[in-house]
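Not measured: the values here are computed from a predicted model. Chain identifiers are assigned alphabetically (A, B, ...) following the order of the sequence lines, protein sequences preceding nucleic acid strands; residue numbering begins at 1 within each chain.
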Amino acid sequence: MILRAGYFLKRALRNMRQSPVLSLASIGTVAVALALLAFFAIAVLNVQQLTKSWGENLAVVAYLDDVPDEKTIDGWVKHIEGYPEVATVTFVSRQAAFERFRKRLGDDSDLVEGLGPDILPASLEITLQEDWRNESALATVVDRLRKDHRFGDLQYGQGWLEKLEAFLLLLRVSGSALGGFLVFAALVIVANTIKLTLYARQDELEAMTMVGGTSLFIKLPYLVEGALQGFMGGLTALGLSFLVFQVILQKSLGSLLLITGIDTIHFLPPIWQGMLVVGGGLIGLLGSLFALRKFVRFGAS
Amino acid sequence: MILRAGYFLKRALRNMRQSPVLSLASIGTVAVALALLAFFAIAVLNVQQLTKSWGENLAVVAYLDDVPDEKTIDGWVKHIEGYPEVATVTFVSRQAAFERFRKRLGDDSDLVEGLGPDILPASLEITLQEDWRNESALATVVDRLRKDHRFGDLQYGQGWLEKLEAFLLLLRVSGSALGGFLVFAALVIVANTIKLTLYARQDELEAMTMVGGTSLFIKLPYLVEGALQGFMGGLTALGLSFLVFQVILQKSLGSLLLITGIDTIHFLPPIWQGMLVVGGGLIGLLGSLFALRKFVRFGAS
Amino acid sequence: MIQLFNVCKAYQRDQNALNDITLNIDKGEFVYLTGPSGAGKSTLLKLLYCAERPTRGQILVNGRNITRFGPSRIPYLRRNLGIIFQDFKLLTRRTVYENVAFPLEIQGRKRFEISKKVYHTLKSVGLEHRLNHHPLQLSGGEQQRVAVARALVVDPLILLADEPTGNLDPEVTLDIMELFKIANARGTTIVMATHDRSLIHQFPRRVVSLEAGSLATDDLPLFRGQPGTTGHF
Amino acid sequence: MIQLFNVCKAYQRDQNALNDITLNIDKGEFVYLTGPSGAGKSTLLKLLYCAERPTRGQILVNGRNITRFGPSRIPYLRRNLGIIFQDFKLLTRRTVYENVAFPLEIQGRKRFEISKKVYHTLKSVGLEHRLNHHPLQLSGGEQQRVAVARALVVDPLILLADEPTGNLDPEVTLDIMELFKIANARGTTIVMATHDRSLIHQFPRRVVSLEAGSLATDDLPLFRGQPGTTGHF
Ligand SMILES: Nc1ncnc2c1ncn2[C@@H]1O[C@H](COP(=O)(O)OP(=O)(O)OP(=O)(O)O)[C@@H](O)[C@H]1O
Ligand SMILES: Nc1ncnc2c1ncn2[C@@H]1O[C@H](COP(=O)(O)OP(=O)(O)OP(=O)(O)O)[C@@H](O)[C@H]1O
Ligand SMILES: [Mg+2]
Ligand SMILES: [Mg+2]
């Protein structure tokens, strides 16, 4: 059987050449279904990137009632940076805080004119490491700081963090729901398409069972054909989505994207590209396998 | 021919009953493709709703250096409300402005403690009508107010508006690109599916041409069948997306949505629902029409 | 009724399936078409119902030159013909009744007229008890008789029968031949391809024989045994 | 070699296509199966290659009870059979060569052995010049001969032929019969359904005839004309 792998591959290729309409129809269907998946993946990926950069803003601010000398501050910074959850610690002086406040007020900044920089306290701004950006890690850090007594006045955006977490969860849940449905849809559509191509060939399948072909011998070329078609569909989808990415997303929408603050958008990483193509082949294989159950019968019902 | 519409409908229904595999395959494919479209439409619709509510915040603020008596203010409000672009005009007193400012500072609100409400000026807040929420209409209104001399100190979020506009345009462009591709994909897939069902029946089609059937007579039942299948696929898609909407989006994600600030999400409006079903029928009809060209031949090549 | 002038048909470049055939069949004639397997009998019939186009030459059917008929006129030609195909070409997803009724439905006949004619014709080929079966549920000979019934049900101007008795036993063959004779007596021109020599002996009629695509003999029954020329008319 | 015990087959409830058939065919026998159209000849053959199951009774082929054979054993049964189907069942998307080679490929024969055997067999049915044609490009008789070649190419233990000469002219029919006789002489058991009485006259062998699903006569050639009983053995 192993020696005859070439036979089944050759048969599969010949089958495809002999009925180009059927082959093109199923390749096209797989391609379109997978291209949709690819677009969706690109969107999810880039939104994730965006939310990740939002998450970087996640910080604890420790207000300092009195401003100690630089050496002491350096010591505190080092100490806090030693916490496992903490990524960076930045000292913000009274002056810097006042400047930032004025900027934040924007057009209303004339309101604080005449007030001195000493109305705002200095602070240490602490950001968390990527893996620890969640409510409970934040609570741990805040607790530890509070025990330290030196940092009484702690500010951390509870409500805001909760919102961000909920939003990310929403994105993830609805994203994987839609993605799952897309994969399912692609599978149903491809399996249907292959079922229909076999429907068109049921006379042939019947004739083969009648002259002594075993189930496996008859099915293998169609399985190989299904896998090949799926594979080609996957390749086409990859090419198609890359083209659309290049022409529409990068070129035409590039300037718009810049304005909205998203600086670059990324194409699928190589592993995902591979998965798309291999996944296409797999879908084709499963589709054929599923459809063949119905069509290879040996008479005697 | 008109009298025989019943004949063609009956034939189409009988065809579908006789090969349930084919019928279910194409109905299923149409349903899945259109359900994807429906989900997409729901997403677009709700994002639009969201951006619309953002747009409502779009306003011009005219600061009043002196606060005149109520009657004068009422006169001004009436006058500005007379501008064609303007939707609402609201007077914000010094007290109200200060309250709002304090809220806006949030956790930093202790910073303005001890300051009196007179540090902020009173203002008129002017929102624009939906059709006029764009940069140029805003410029017109601002110009006119400026000529009035009574309102010297005008504030309007130029940069922010530009960003919002770009974002909306981005949404609209990429949305219609993806939507267009989805419609195209659904059409390709459905046409392919119907082509394959006809491929499975080409012996039948040939036999019919051989005993004197005219092109129209042979094609009509298949056209009706395609339209019916598309129609049923559309109905299934509608049901499916409504179910998913109810169970997943409204129930499971409801609380998450509330947290992120989106209060309600909407299902497709009735007109879109109708379009989905009718569109399904149309896709089926076009798909058959397209596929039949290839399969109804009269020999003599 | 049927005239062929120097008709050639080549499916492939250098192989003529039919070679310079000139033939005249009058209205009401009954002509056997014989010849060894692969001689071109089915090809000749296919040319007459426009399933193939001649490579060269002209064909007139019922006074019309059908050589260049397009897809809009072919159906109307075929409605005047009763055709029995060598491979039957039945509609496998329809019942026997629906198969035989189909050519009448195409012509837009009234429902009750259709059912009467279909039943009558199926009875004449001995299949009135198989009305609601599907073709694949029938024996080979029964399928062939359905094909015969479908061709005869329209009272065709011309009957083109391609080995209509190949799957039938001798008794049923005689019944079918009787039906053909009745149709012939009513004015239907009949061209029947057959291998069955005993049939030709029992019902002697004009015999046109092909050999490797060329007209070999054309014998009227009166002159049987004495080879005629192509232009017997 | 083939034994049937009280075999019944009913496609539908109350209609028996075969009725209590008991029959014994020895190794190396040549048996004609006759009977009117719809008598049950094809059904009997279908039972022998497991395309249908008997409603009642037992069937032994080559000593094995095939009555309850499942999908895993049926292919191996069929490899020992050469089957000529009434409707040919050729693979329309493969060439003549590939069609005839297919049963050998299934058996996993060597490439050069396959090509030699296929060519030889196609030549014996007179189709060596049609090697690369597709079945739909052949005449009816040529298709039938491809089916014959495909059945004979495997040197089958048993040849089941369902009207293998229905589309053939008398000369080619004789050629095919010669091939059957050669195979028979080599030890192949042959069961051939046919309507062709002149053939039975020319090559007298045992004749089993069915009538409406029941065994009507079972005559050895020596006793022709004298109706035998079912149990001639
Ligand atoms: N579609 C086709 N393409 C190529 N060759 C063809 C085609 N159809 C028929 N032929 C060839 O043309 C020749 C004549 O075929 P035709 O079917 O007319 O023979 P026939 O006289 O009907 O034979 P039979 O008695 O076996 O039915 C044959 O050699 C056949 O192989
Ligand atoms: N799949 C089926 N379903 C129902 N009835 C069937 C089926 N196949 C055959 N029959 C019926 O069984 C009977 C015997 O059929 P069979 O094909 O065995 O006849 P046969 O002797 O081969 O006839 P022929 O000479 O016409 O080929 C026929 O009356 C036929 O209508
Ligand atoms: Mg022929
Ligand atoms: Mg039979």
Exercise. Among C:Arg130, C:Glu142, C:Gln86, who wins on heavy-atom pairs under 4.5 Å with chain D?
Worked result: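 Option with the greatest count: C:Gln86.
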
Exercise. Contact part of C:His133 toward chain D, heavy-atom cut-off under 4.5 Å: side chain, backbone, both or neither?
Worked result: side chain

Seminar exercise, completed: d(D:Asp87 CG, C:Asp87 CG) to nearest 0.5 Å is 10.5 Å

Problem set entry | side chain to side chain contact (heavy atoms under 4.5 Å, CB included) assessment of D:Ser198 paired with C:Ser198 | CA-CA 9 Å; D:Ser198 63; C:Ser198 65; over 6 Å; no

For this session: Could you tell me which residues satisfy side chain to side chain contact (heavy atoms under 4.5 Å, CB included) with D:Leu174, sequence neighbours excluded, listed by chain and number?
Result: D:Gln202, D:Phe203

Problem set entry | D:Ser139 to C:Gly38 - nearest heavy-atom pair and separation | OG-N, 3.5 Å

Problem set entry | Among D:Gly141, D:Gly35, D:Ser42, residue most engaged with chain C (heavy-atom pairs, under 4.5 Å) |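 Among D:Gly141, D:Gly35, D:Ser42, the one with the most close pairs to chain C is D:Gly141.
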
Exercise. Mind checking which of residues 11-18 of chain D sit less than 4.5 Å from chain C, heavy atom to heavy atom?
Worked result: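 Only D:Gln12, D:Gln15 of residues 11-18 of chain D have a heavy atom under 4.5 Å from chain C.
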
Exercise. What residues of residues 161-171 of chain D sit under 4.5 Å from chain C when only non-hydrogen atoms are counted?
Worked result: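 Heavy-atom contacts from residues 161-171 of chain D to chain C are D:Glu163, D:Gly166, D:Asn167, D:Leu168, D:Asp169, D:Pro170, D:Glu171.
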
Counting heavy atoms not belonging to [X], are there more than 12 under 6.0 Å from its [atom1]?
| X | atom1 | value |
| --- | --- | --- |
| D:Glu178 | CD | yes |
| D:His120 | NE2 | no |
| D:Arg56 | CZ | no |

Exercise. Taking only residues two or more places apart in sequence, or in another chain, which ones meet C:Tyr97 in a ring-ring contact (aromatic ring centres under 6.0 Å, His included)?
Worked result: none

